[in-house]
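Below: one structure, written as structure tokens.
One-based numbering, in listed order, for ligands and for the atoms of each.
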Amino acid sequence: AKAQGRGIYSFYTQALTRSARVRMEMEADLRRGLVREEFRLNFQPVVDLANGRIAGAEALVRWQSPVHGLVLPNRFIPLAEETGLIEPLGDWVLEEACQQMAKWTAAGADLDFIAVNLSPRQFQRGTLCERIEEVLRRTGLPAARLEVEITENVLFGAVAAERKLRDMRDSGVRIALDDFGTGYSSLAYLKRFPISKLKIDRSFVHDLPRAADAEIATAIISIARALGLDVVAEGIEAPEQCAFLKERGCGFGQGYLFGRPVTSERFLRLALQGPIA
Ligand code: C2E
Ligand code: CA
Ligand code: CA
Ligand code: CA
């Protein structure tokens with residue numbers, strides 16, 4: 001029994017060591033990736049459902065790693081967040097996104113906003129507002145053209161969140177609540193924080209127009225409208241989903257039906273073509 005116990009113990013330590021090693025290697029790869037500029041942004045159109053116009057874009061980061069191939073954010077953002085690498089990575093994303101938006105506008109695209117995702121650690125950073133102002137100054141992008149997307153969980157318990165959001169909003173930057181309805185949500189947040197937009201999580205769009213999704217989506221749209229907030233539905237893939245949302249008064253939509261995330265060049269071409277729906 002003693003020998004067996006030891007066997008199990010060493011099995012666990014080996015497994016633990018292996019996963020710790022994989023993590024450390026991944027962290028080192030991420031760090032190198034930043035230095036070697038292996039990250040890039042894709043952009044997905046956000047469409048005005050009333051007329052099919054592309055109102056703006058959401059920037060979505062990708063990692064083209066020589067070791068791991070093309071890596072999607074769900075596989076590296078959590079680790080970047082834990083290790084603090086999200087700070088330099090997030091700075092890069094913000095600057096690159098604003099730069100692209102400024103270029104598209106100079107090239108004649110008529111877009112209202114570029115949306116950038118902020119993770120909790122980026123949001124908690126004391127210097128966030130200064131960073132944003134610095135990037136806007138350097139890229140020449142008007143503050144009103146930048147939208148930051150945060151999740152409800154960022155607001156939950158965050159010290160000084162209210163103050164930070166007010167500073168951001170006072171500088172002209174717009175704030176969207178991402179994945180709305182999936183987090184530690186509280187409707188009180190909508191009253192308390194200076195939010196301009198709700199993004200209906202794609203898990204509530206998936207089964208539209210059937211089932212409980214129809215009720216939830218309808219409820220979110222009416223809350224948004226009652227409070228004077230813009231509302232975007234994420235993950236629209238089918239015309240029936242789109243028709244339902246539009247009929248219920250949802251202002252904006254995003255999803256494969258309108259376009260997948262694409263390179264900056266392809267996004268510009270799309271934006272110059274005019275309405276898509
Ligand atoms: P998110 O902010 O909710 O972004 C939307 C995700 O849904 C994107 O996945 C997008 O490609 C995907 N999507 C868009 N339309 C459809 C559709 O019609 N159907 C389906 N099934 N999916 C759709 P992606 O690019 O893999 O990003 C995943 C998550 O990673 C994002 O979720 C966001 O939380 C995070 N993320 C992405 N880029 C950044 C970034 O630059 N910084 C931070 N902090 N997080 C990021
Ligand atoms: Ca988002
Ligand atoms: Ca989302
Ligand atoms: Ca999400």
May I ask you to identify, for Arg202, whether its side chain, its backbone, both or neither come under 4.0 Å of ligand 1 on a heavy-atom basis?
side chain
Gly90 to ligand 1, any heavy atom closer than 4.0 Å
no
Drop me the distance from Ser196's OG to Leu227's CG, to the nearest 0.5 angstrom.
12.0 Å
Under 4.5 Å between any side-chain heavy atoms of Thr182 and Ser203, yes or no?
yes
Under 4.0 Å from a heavy atom of Gln44: which atoms of ligand 1 are those, numbered in the order shown and with their elements?
14 (C), 15 (N)
Using modelled atom types only, decide if a donor and an acceptor are shared between the side chain of Glu149 and the backbone of Asp178 within a distance under 3.5 Å.
no
So, are Glu133 and Arg137 salt-bridged, with charged N and O less than 4.0 Å apart?
no
Ligand 1 versus Arg62, non-hydrogen atoms closer than 4.0 Å: side chain, backbone, both, neither?
side chain
Does an N or O from Glu149, backbone or side chain, lie closer than 3.5 Å to an N or O of ligand 1?
no
Are Glu58 and Lys199 close enough for a salt bridge, meaning some N to O gap below 4.0 Å?
yes
Atom indices of ligand 1 within 4.0 angstrom of Asp179 heavy atoms, with elements
3 (O)
Under a 4.0 Å N-O cut-off, is there an ion pair linking Arg32 with Asp29?
yes
Can you tell me how far apart CG (Leu60) and CG (Leu41) are? Round to the nearest 0.5 Å.
8.5 Å
Tally of protein N/O/S atoms under 3.0 Å from the Ca ion (ligand 2)?
4
Verify the ring-centre separation between Phe113 and Phe252: is it less than 6.0 angstrom?
no
Using a 4.0 Å heavy-atom cut-off, say whether Gln254 meets ligand 1 through its side chain, its backbone, both or neither.
neither
Pick one of side chain, backbone, both or neither for how Val116 approaches ligand 1, counting any non-hydrogen atom pair under 4.0 Å.
neither
Which of the numbered atoms in ligand 1 are under 4.0 angstrom from any heavy atom belonging to Glu237?
17 (C), 18 (O), 19 (N), 20 (C), 21 (N)
Under 4.0 Å from any heavy atom of Pro73, which atoms of ligand 1 are there?
24 (P), 25 (O), 26 (O), 27 (O), 28 (C), 30 (O), 36 (N), 37 (C)
Please could you name the atoms of ligand 1 that Gln122 approaches to less than 4.0 Å, counting only its heavy atoms?
44 (N)
What distance do Ile54 atom CD1 and Leu270 atom CG have between them, rounded to the nearest 0.5 Å?
4.0 Å
Is there a path of hydrophobic side-chain contacts, each under 4.5 Å between heavy atoms of I, L, V, M, F, W or Y residues, that connects Ile221 with Val232?
no
Answer yes or no: does an N/O atom from Leu118 fall short of 3.5 Å to an N/O atom of ligand 1?
no
Pairs where residues 210-227 contributes a residue and the test side chain to side chain donor-acceptor pair (under 3.5 Å) is met, not counting sequence neighbours
Thr218-Arg248
Thinking salt bridges, do Glu147 and Arg174 make one under a 4.0 Å N-O criterion?
yes
When the ring planes of Trp63 and Phe76 are compared, do they come out parallel, tilted or perpendicular, using 30° and 60° as the limits?
perpendicular
Neighbour count >12 (heavy atoms, 6.0 Å) for atom NE2, His206:
no
So, do Ile114 and Phe43 sit near enough that their side-chain heavy atoms are less than 4.5 Å apart?
yes
Quick one: does Glu58 get a heavy atom under 4.0 Å from ligand 1?
yes
Salt bridge present between Glu134 and Arg138 (N-O < 4.0 angstrom)
yes
Below a 4.0 angstrom heavy-atom separation, can you tell me which part of Ile236, side chain or backbone, both or neither, approaches ligand 1?
backbone
Can you name the atoms of ligand 1, numbered from 1 with element, that are less than 4.0 Å from a heavy atom of Ser119?
44 (N)
Out of Leu94, Asn117, Leu257, Leu72, whose heavy atom is nearest to atom 43 (C) of ligand 1?
Asn117
For ligand 1, which atoms have a heavy atom of Val93 less than 4.0 angstrom away?
41 (O)
If you take the nearest heavy atom of each of Trp92, Phe123, Phe39, Tyr256, which one is closest to atom 16 (C) of ligand 1?
Tyr256
Would Glu234 count as a contact residue for ligand 1, given that I'm defining contact as a non-hydrogen atom of the residue lying under 4.0 Å from a ligand atom?
yes
Please identify which atoms of ligand 1 are closer than 4.0 Å to at least one heavy atom of Gly235.
16 (C), 17 (C), 18 (O)
